[in-house]
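The structure appears right after this line, and notes come after that.
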Amino acid sequence: MEKIIKGKAFVLGDNVDTDQIIPAQYLTYNPSIPAEYKMFGKFALSSVPPGQMGLPKGHQAFHTDDEFVSPFTIIVAGKNFGCGSSREHAPIALAAAGIKAVVCEFYARIFYRNSVNGSYLVPVECQTRLINDIATGDELTIDLENHTLTNHTTKDTWKLQDLGEVAPIIEAGGIFEYAKKVGMLKS
């Protein structure tokens, strides 16, 4: 797990559900096959309503030059990110699109655990409603050791919640790698 994550923000609102993150018709792809894995990136966020894509303006494309990988690295969202079904494919799709972290007020717990258990991306929480202060395209830095998010575009910094007991799981590369590391599973 990178301790410093830098990149452009893509801002979404509240209640972004797993069907908006990766619609059900694309769940036929197999993420363990590289050619199919990249299709998850292509269709990531494809069901978010256009007016809610890339806030505050809306109608901002998640993909620009590359149809599989987005130029954005960090998603900033409101409340209840990843609600809906328990599909593990939602954090996989975001990771395939190049997202390294999501910062929001709080997550639907199953999305949070899927992100952690697979070590697909870093799910960070912030008690501040960041979608009012960060715009799509702003340059951000997440410092996981110091629990801060800095917006280099506006020069603002916010305190993030500590990852706590899930940090070692993400650092190990997921729940199975963590279980091997601590002797719960034999290699």
* List the steps and the verdict of salt bridge (Lys or Arg N to Asp or Glu O under 4.0 Å) for Glu125 and Lys159. => CA-CA 9 Å; Glu125 293 179 323; Lys159 193 76 175 152; over 6 Å; no
Mind checking whether [X] and [Y] have side chains closer than 4.5 Å, heavy atoms only?
{"X": "Ile74", "Y": "Ile5", "value": "yes"}
{"X": "Leu12", "Y": "Val76", "value": "no"}
{"X": "Phe43", "Y": "Ile22", "value": "yes"}
{"X": "Ile75", "Y": "Leu121", "value": "no"}
{"X": "Cys126", "Y": "Leu149", "value": "no"}
{"X": "Thr136", "Y": "Phe72", "value": "yes"}
{"X": "Tyr29", "Y": "Phe40", "value": "yes"}
{"X": "Ile4", "Y": "Ile142", "value": "no"}

Between [X] and [Y], is there a shared hydrophobic cluster once you connect ILVMFWY residues whose side-chain heavy atoms come closer than 4.5 Å?
{"X": "Met1", "Y": "Ile99", "result": "yes"}
{"X": "Phe176", "Y": "Met184", "result": "yes"}
{"X": "Tyr37", "Y": "Leu27", "result": "yes"}

Side-chain ([X]) to main-chain ([Y]) donor-acceptor, under 3.5 angstrom:
{"X": "Asp17", "Y": "Cys83", "value": "no"}
{"X": "Asp143", "Y": "Glu145", "value": "yes"}
{"X": "Asp138", "Y": "Ala135", "value": "yes"}
{"X": "Ser119", "Y": "Ile170", "value": "yes"}
{"X": "Asn30", "Y": "Glu36", "value": "no"}
{"X": "Tyr107", "Y": "Val102", "value": "yes"}

Which atom pair, heavy atoms only, marks the closest approach of [X] to [Y]?
{"X": "Ala97", "Y": "Ala44", "result": "CB-CB, 4.0 Å"}
{"X": "Pro31", "Y": "Ile92", "result": "CB-CG2, 3.9 Å"}
{"X": "Pro91", "Y": "Asn114", "result": "CG-CB, 3.9 Å"}
{"X": "Gln20", "Y": "Pro49", "result": "NE2-CD, 3.4 Å"}

Cut-off 3.5 Å, no hydrogens considered: what does the side-chain donor-acceptor table look like for residues 50-64, sequence neighbours left out?
unit_1 : atom_1 : unit_2 : atom_2 : d
His63  : ND1    : Asp66  : O      : 3.4
His63  : NE2    : Gly41  : O      : 2.8
His63  : NE2    : Lys42  : O      : 3.4

* Asked: Would the number of heavy atoms belonging to other residues, nucleotides or ligands and lying under 6.0 Å from CG of Asp65 be above 12?
  ->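 Result for CG/Asp65: open.
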* Asked: Heavy-atom count around Gln161 CD within 6.0 Å, excluding the residue itself: above 12?
  ->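 Count over threshold, so yes.
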* Between Thr18 and Ser85: side-chain donor-acceptor atoms closer than 3.5 Å ->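 Result is yes, a qualifying pair exists.
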* Just by distance, with hydrogens left out, do Asp156 and Asn151 show a side-chain donor and acceptor under 3.5 Å apart? ->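 Result is no, nothing qualifies.
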* To do: Decide, yes or no, whether a salt bridge links Lys3 with Glu171 under the criterion of side-chain N to carboxylate O below 4.0 Å.
  =>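 Result for this pair is yes, salt bridge flagged.
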* **Charged N-O contact under 4.0 Å between Lys155 and Glu139** =>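 Not counted as a salt bridge, because no side-chain N and carboxylate O are separated by less than 4.0 Å.
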* Atom CD1 of Ile175 and atom CZ of Arg113: how far apart are they, to the nearest 0.5 Å? ->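 Separation between the atoms: 5.5 Å.
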* Within 45 degrees of the axis of the six-membered ring of Phe68 and under 6.0 Å from its centre: does Lys38 put its NZ or CZ there? ->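 Verdict for Phe68: a cation-pi partner in Lys38.
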* Asked: Run the side chain to side chain contact (heavy atoms under 4.5 Å, CB included) check on Leu94 and Leu45 step by step: do they pass?
  -> CA-CA 8 Å; Leu94 295 176; Leu45 300 181; 4.0 Å; yes
* To do: Check whether the ring centres of Phe111 and Phe81 lie less than 6.0 Å apart, and answer yes or no.
  =>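 Yes, they do, as the ring centres are separated by less than 6.0 Å.
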* Quick one: which of Thr141, Thr150, Asn146, Thr148 gives a side chain to side chain donor-acceptor pair (under 3.5 Å) with Thr157? ->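 In the set Thr141, Thr150, Asn146, Thr148, the residue that makes a side chain to side chain donor-acceptor pair (under 3.5 Å) with Thr157 is Thr150.
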